[in-house]
Amino acid sequence: MSKVHIMTDEKRIERLSAMLKRRGIVLPAFEIYGGVSGLIDYGPVGATIKRKVIRNWIEHWTINGDIVEIDSPTITPEPVLIASGHVGEFNDLMTQCVKCSSAYRADQLAEDYHPNPDMLDSDEIDNILISNNIECPNCGEKEWTPSRPMNLMFGTKIGAMKASRQAYMRPETAQGMFMLYPSLYRHFRQKLPFGAIQTGKGYRNEISPRQGMIRLREFNMAELEYFIDPKNPPLVDISMKKDNVSLIPDPKGNEREVVKLSFHDAINQGLIKDRTVGYFLSRTWDFLMNVGIDPSKIRFRQHEGTEMAHYAEDCWDCEILGEHGWIECVGIANRTCHDLLSHEKYSNSNSLRAWREFDVPKIESKEVLAPNTSILGPVFRGKAGLVLEALEQLKELPNTLPFQLLVNDGTEVEITSDMVERKIVSKNIAGEWFTPHVIEPAFGIDRIIWHILDHAYEETEKEGEKYNLLKLSESVAPADLIVLPLFEKDGMGDAARKLNSTINSMKGITSLIDSSKSIGRRYARADEIGIPWAVTIDHTTLEDETVTVRRRDDQKQIRTGIKVLLNLINSGNISSLF
RNA sequence: GCGCCUGUAGUGAAGGGGUUAUCACCUGAGGUUUCCAACCUCAUGUCCCGGGUUCAAAUCCCGGCGGGCGCACCA
């Protein structure tokens with residue numbers, strides 16, 4: 001990742017983090033036992049925000065019907081991750097230069113001294129480093145720390161004792177979608193394109209988790225695998241996408257400059273090469289708008305060849321600017337057929353393909369030597385199968401019979417004219433099997449939530465005092481509204497409780513109630529956790545069934561009837577009051 | 001993993017080898033109050049963990065754990 005130095009306001013991060021902790025949004029996990037780096041809790045307020053972000057994400061992708069949700073285990077048997085490449089990629093031995101602390105893959109240092117260094121264990125490879133006086137490429141020193149495997153996956157065992165199988169906590173949810181490909185293919189009536197999404201936990205045993213919620217050891221992922229026929233890519237229409245976005249394309253000419261273009265133009269000008277990738281970039285943009293990310297703090301950056309993941313053919317990151325600088329929050333990769341092909345190879349399954357029908361069936365006719373098995377069989381006995389195979393594979397037919405046929409076991413046999421019949425066979429070929437390509441948008445939910453909070457957090461002043469508010473989008477706010485009795489007495493408290501339970505009985509609507517301390521303080525508390533609307537019950541309410549509705553973002557208040565308000569809440573349209 | 005800095009109520013801070021660790025805000029109970037963190041009374045709650053030095057450790061030392069930054073690593 002290119003280094004980006006942004007002036008970050010560390011004090012603001014501290015104040016924001018303190019608020020998140022104080023208000024039960026995001027907290028360090030296991031804190032009474034000292035905490036564990038890279039693990040966090042979402043508290044009573046944060047868990048709701050997280051759930052709403054994920055729900056928005058699921059609805060965003062499933063709305064067209066071509067994408068379905070699945071859910072698979074986090075514990076994954078080793079062969080799956082061998083096929084996916086994770087075991088190989090993650091099990092490298094690392095060593096460090098004692099002098100300058102540069103870290104290297106030990107097998108790469110030992111490359112010239114052993115034919116197959118990645119097969120060695122750490123003692124063997126340490127010996128090679130010492131006995132060959134291998135120098136540190138950085139400082140030239142020849143002293144190395146003992147090498148150790150840098151396995152970024154959490155290992156575990158399925159079952160006990162001898163019967164147990166090696167397994168890992170999944171490092172990504174994507175493999176679950178590939179495992180279910182056969183089921184998805186049937187579900188979608190064997191027609192591409194289609195996709196599957198999954199949200200859930202992923203695990204990476206990071207060497208040094210940093211930056212709060214940015215690099216976690218257990219984190220929330222949301223991934224989409226969209227399967228396409230590369231020869232008939234889906235028709236996507238993004239002509240409506242006129243918003244200008246910031247793009248940093250991979251330069252052929254070594255320029256890494258931000259280009260402001262609409263997705264539509266970026267595709268038409270060839271800046272985004274794959275239309276389908278472009279479509280998902282624009283849909284990603286839409287999602288980030290929905291959950292309240294600041295559009296001026298988003299950019300899409302194409303990976304350079306060297307940083308491309310081991311599977312990806314083309315890759316764009318969506319980066320979001322926050323207090324930690326530009327952070328990769330979404331990766332959109334064209335993984336091509338890599339995963340399905342690899343699983344097909346390792347699992348011996350033949351159901352990881354799709355059928356492509358030709359527009360016009362192909363008629364293939366060729367001249368063959370059709371075997372007469374009643375003669376061939378008795379003559380060649382055990383070898384007959386090999387002979388048949390060799391006959392079928394024959395590229396050029398002999399002009400005359402008998403002839404010498406080379407069989408797969410290296411021997412030659414004589415084929416006489418009574419054993420075969422020369423004839424022309426024609427075959428009607430309606431289509432072909434192929435391995436679909438897959439486009440993968442992968443979202444880091446925790447990173448997105450951090451930026452939602454970061455962008456929504458506003459520090460202002462009110463009558464000389466500091467005043468914080470969280471201007472969350474209604475779609476991710478921890479509650480839709482809060483009901484506040486001006487006072488507990490004279491029946492206002494009862495009226496508030498009644499209204500609150502009426503609102504909460506509406507499907508999908510969450511209302512809170514708060515009656516402790518002064519009204520100003522309660523507004524402040526609600527503002528700080530981002531509740532967009534406050535409904536206040538006062539003396540007038542008791543007389544004429546009206547309440548005041550207060551808008552978080554400008555503290556404006558409007559008086560309206562309870563019945564009118566209930567209708568607006570139900571239709572999600574409170575803002576039309578203002 | 002290395003280096004530098006760091007850890008005191010829920011939050012933010014002060015202090016510091018010796019009686020009962022200080023302050024503000026927050027939180028809770030009661031009072032007061034006719035819409036934006038008001039006020040009064042009372043209450044709850046803290047020295048990250050382990051070891052060492054010492055008559056005595058929250059304070060000094062060592063280690064661990066956590067946090068921040070830099071280097072390295074990072075799908």
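Everything quoted here is computed from the prediction, not taken from an experiment. Any value given below was found using the heavy atoms of this structure, including those in side chains, with hydrogens, waters and symmetry copies removed.
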For A/E528 and A/G35, take the nucleotide of RNA chain B holding the closest heavy atom to each; which residue's nucleotide lies nearer the 5' end?
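Final value for this comparison: A/E528.
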Of A/N468 and A/G34, whose nearest nucleotide on RNA chain B comes first from the 5' end?
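This one resolves to A/N468.
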Scan side-chain atoms only and decide if [X] and [Y] contain a donor-acceptor pair under the 3.5 Å cut-off.
X	Y	value
A/E465	A/Y467	no
A/Y523	A/T536	yes
A/S342	A/D339	no
A/T546	A/R559	yes

Please state how far atom [atom1] in [X] lies from atom [atom2] in [N], giving the value in whole angstrom units.
X	N	atom1	atom2	answer
A/L39	B/rC65	CG	P	14 Å
A/R23	B/rU11	CZ	P	13 Å
A/I25	B/rU11	CD1	P	14 Å
A/I40	B/rG66	CD1	C1'	15 Å
A/K466	B/rC26	NZ	P	15 Å
A/E328	B/rA75	CD	P	9 Å
A/D41	B/rG66	CG	C1'	14 Å

Would you say B/rA37 has OP1 or OP2 under 4.0 Å from some side-chain N or O of A/S518?
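Looking at the OP1 and OP2 atoms of B/rA37, neither is under 4.0 Å from any side-chain N or O of A/S518.
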Is the phosphate of B/rC35 approached by A/R550 (side-chain N or O, under 4.0 Å from OP1 or OP2)?
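A/R550 to B/rC35 OP1/OP2: no side-chain N or O under 4.0 Å.
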Considering every strand shown, what is the Watson-Crick or G-U wobble mate of [N] when both distances are under 3.5 Å?
N	answer
B/rC71	B/rG1
B/rC36	none
B/rU54	none
B/rC26	none
B/rU20	none
B/rG63	B/rC49

Side chain of A/R210, heavy atoms from C-beta onward: which of B/rA75, B/rU34, B/rG1 has the nearest atom to it?
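From the listed options, B/rG1 comes nearest.
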Of the nucleotides B/rG10, B/rU27, B/rU33, which has the atom closest to the A/R521 side chain?
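Closest of the options to the side chain of A/R521: B/rU27.
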For [X], report the nucleic acid contact type (base, sugar-phosphate, nothing); a contact means any heavy atom under 4.0 Å.
X	result
A/E465	sugar-phosphate
A/R215	base
A/K462	base
A/S37	sugar-phosphate
A/F487	base
A/G24	nothing
A/S516	sugar-phosphate
A/E31	nothing

Parallel, tilted or perpendicular for A/Y203 and A/F154, by the 30°/60° rule?
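Perpendicular.
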Flag this pair as yes if the NZ/CZ of A/R552 is under 6.0 angstrom from the six-membered ring centre of A/W533 and inside a 45 degree cone about the axis; otherwise no.
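A/R552 over A/W533 ring: no.
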